[in-house]
Amino acid sequence: MRIATWNVNSLKVRMPRVEEWLDYAKPDVLCMQETKLADSQFPALAFSGLGYESVHHGSGQWNGVAILSRVGIDNPIYGFCQGVEADQDTRLVTATCGGVKVTSVYVPNGRALGDPHYDYKLSWLERLRAHLEHTADPSEHVLVCGDFNVAPEDRDVWDPKRFVGSTHVTEPERKAVASLLDWGLHDALRAKHQEDRLYTYWDYRAGDFHQHRGMRIDLVLLSESLLTRLEWVLIDRFARKGKLPSDHAPLLVDLAIEEAAAR
DNA sequence: ATGGTCGAGTATCGA
C-alpha cells in the first residue's frame with residue numbers, strides 16, 4: 001500500500017501537476033495540504049474519475065486539507081474531534097483508508113517568535129496529540145502525515161546557523177513534535193535514511209531549489225505496526241521541478257499491507 | 001545589492 005503526502009500550495013493552480021503525479025506515482029492514498037479551496041470548490045468528481053474517493057476540509061483562500069483514497073475512505077473527521085478545542089482554521093482531516101487511520105495535517109506556520117501565530121502553532125500541536133489520543137490507539141495502523149512546519153533536527157535544514165531565532169527549529173516546536181512520537185509514532189523517513197540534505201520544501205525565492213537550500217518539514221509518522229511493515233520512503237524531487245511546481249515535494253511510503261486484505 | 005517568488009486577490013499579505 002502506497003501512501004503519500006504533498007503540500008500542493010493551491011490545488012486550483014496545481015491540479016494539472018497533481019493529475020500528472022497520480023498517473024505516474026500511483027499512490028493508494030494521497031494526503032494534500034494547502035488546497036486553498038472551499039469544500040464546494042474541491043474537484044471531487046475529477047478525482048472520482050481517476051479512481052479516488054476523497055474527503056476535503058477547507059474554507060477557501062487559505063489552508064485546506066484533503067485525503068484521496070482508492071482503497072476506501074471511512075469515518076471521516078473534519079478538524080479536531082469532539083472533546084478537543086475547535087480549530088480556527090481548516091488544517092486537518094482524518095479518515096480510515098484500507099485499514100489505516102490516516103490524518104492529513106497542515107500545521108500553522110508560526111510566522112515569528114513572539115507572534116500570536118507562534119503560540120497558536122504550539123497549541124495546535126498539543127491539540128493534535130489530544131486528537132490522536134481521542135480517535136486512535138498506537139497499537140492500531142495509524143499514520144499522521146503532512147506539512148508540520150517543523151524541522152525535527154538541525155540536520156533537517158540546509159544551514160542551521162541561518163535559522164537561529166526563527167520558527168520551525170525552536171525547542172518548543174521540536175518538543176511538540178517529539179510528543180507525537182512519544183505517543184507511539186515514528187518518523188518514517190528517518191527509519192530508513194540517516195543522511196543529511198534530505199529536504200521536502202524549498203522556498204521559491206533566490207533559486208533555493210537549484211542550490212538545494214531546503215528544509216525537511218513534511219513528515220510521515222507511523223505507528224509501530226506500520227513501521228514494521230515499512231518497505232521504503234521516497235521524496236519525489238522530480239515533482240518540485242518543471243512547470244508551475246509547488247514549493248513542496250511529495251513524500252511517499254510503501255507499506256507491506258495488502259490493500260484488499262486491509263479493506 | 002542582505003533581495004530574490006509565488007498565490008491569494010487586485011493592495012498587500014502570507015509562506
Side-chain angles (χ1 to χ4, degrees), chain A residues 5-21 30-43 46 56-66 79 87-93 104-125 128 145-152 156-170 172-174 176-177 199-219 235-251:
Chain A
T5 180
W6 194 6
N7 179 325
V8 296
N9 186 16
S10 173
L11 187 56
K12 188 190 282 182
V13 172
R14 216 66 61 209
M15 191 62 179
R17 295 294 302 254
V18 171
E19 288 183 310
E20 170 196 47
W21 192 82
L30 172 61
C31 295
M32 290 185 285
Q33 300 85 35
E34 282 208 87
T35 63
K36 299 186 179 178
L37 295 177
D39 292 335
S40 61
Q41 302 170 294
F42 184 75
H56 180 258
H57 184 46
S59 52
Q61 194 164 11
W62 290 303
N63 316 306
V65 287
D87 191 5
Q88 67 193 57
D89 297 335
T90 52
R91 293 181 175 274
L92 84 160
V93 65
S104 175
V105 306
Y106 175 48
V107 178
N109 174 284
R111 294 180 190 164
L113 274 61
D115 190 299
H117 206 261
Y118 178 79
D119 296 323
Y120 167 53
K121 181 179 193 174
L122 295 179
S123 157
W124 199 95
L125 284 164
L128 175 57
C145 66
D147 178 358
F148 283 77
N149 271 315
V150 177
D156 296 317
V157 298
W158 64 275
D159 183 2
K161 295 190 296 294
R162 299 282 279 257
F163 287 86
V164 173
S166 306
T167 59
H168 294 60
V169 300
T170 67
E173 291 166 277
R174 286 176 170 171
V177 170
Y199 309 132
T200 62
Y201 162 82
W202 301 261
D203 198 300
Y204 284 124
R205 290 171 287 190
D208 275 7
F209 179 67
H210 284 95
Q211 302 293 326
H212 202 48
R213 292 190 288 254
M215 306 171 74
R216 190 174 75 91
I217 55 177
D218 300 270
L219 307 175
I235 300 166
D236 182 8
R237 291 184 73 257
F238 182 82
R240 179 63 179 77
K241 303 178 184 179
K243 208 180 202 179
L244 288 176
S246 170
D247 43 4
H248 294 251
L251 173 65

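Below, read A as the first sequence line, B as the second, and so on, with proteins coming before strands; counting in each chain starts at 1.
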Colleague: Expressed in angstrom and rounded to an integer, what is the separation of A:Y204 atom OH from B:dC13 atom P?
Modeller: 21 Å

Colleague: State whether the side chain of A:T200 and the backbone N or O of A:D218 hold a donor-acceptor pair below 3.5 Å, judged by distance alone.
Modeller: yes

Colleague: Mind checking the P distance from B:dA1 to B:dT12? Whole angstroms is fine.
Modeller: 28 Å

Colleague: How do A:D203 and A:K12 order along DNA chain B: which one's closest nucleotide is nearer the 5' end?
Modeller: A:D203

Colleague: Considering only atom P, compute the distance from B:dA11 to B:dT2 and round it to an integer number of Å.
Modeller: 28 Å

Colleague: For nucleotides B:dG14 and B:dT10, find the distance between their P atoms and express it as a whole number of Å.
Modeller: 15 Å

Colleague: How close or far is atom P of B:dG7 from atom CG of A:N7, stated in whole angstroms?
Modeller: 12 Å

Colleague: Could you tell me how far B:dG9 sits from B:dA15 if I compare only their C1' atoms? Round to whole Å.
Modeller: 16 Å

Colleague: Classify A:R14 by what it touches in the nucleic acid, base, sugar-phosphate, or nothing, heavy-atom distance under 4.0 Å.
Modeller: sugar-phosphate

Colleague: Among B:dA15, B:dA8, B:dG4, which nucleotide has an atom closest to any side-chain atom of A:N109?
Modeller: B:dA15

Colleague: Taking atom P of B:dC6 as reference, at what distance in whole Å does atom CD of A:Q61 sit?
Modeller: 21 Å

Colleague: Measure CG/A:N63 against C1'/B:dG7 and give the value in whole Å, please.
Modeller: 13 Å

Colleague: Of the options B:dA15, B:dG9, B:dG7, whose atoms approach the side-chain atoms of A:E34 most closely?
Modeller: B:dA15

Colleague: Going from CG on A:N7 to OH on A:Y201, what distance comes out if it is rounded to the nearest 0.5 angstrom?
Modeller: 9.5 Å

Colleague: Could you check how far CH2 of A:W62 sits from C1' of B:dT12, rounded to whole Å?
Modeller: 10 Å

Colleague: Rounding to an integer number of Å, can you tell me how far A:Y201 OH sits from B:dG14 C1'?
Modeller: 11 Å

Colleague: Select from A:T35 and A:H117 the residue whose nearest nucleotide in DNA chain B is closer to the 5' end of that strand.
Modeller: A:T35

Colleague: Under 3.5 Å, is there a donor-acceptor pair between the A:W62 and A:D89 side chains?
Modeller: no

Colleague: So which heavy atom on A:A151 is nearest to which on A:I217, and how close?
Modeller: N-CG2, 3.9 Å

Colleague: To the nearest angstrom, how far is A:Y118 atom OH from B:dA15 atom C1'?
Modeller: 17 Å

Colleague: Distance alone, cut at 3.5 Å: any donor-acceptor contact between the side chains of A:Y199 and A:D208?
Modeller: no

Colleague: With a 4.0 Å cutoff (strictly under), does any side-chain N or O of A:R111 reach OP1 or OP2 of B:dA15?
Modeller: yes

Colleague: Could you state the CZ-P distance from A:R91 to B:dG14, rounded to the nearest angstrom?
Modeller: 12 Å

Colleague: Just N and O in the side chain of A:S10: are any of them under 4.0 Å from OP1 or OP2 of B:dA8?
Modeller: yes

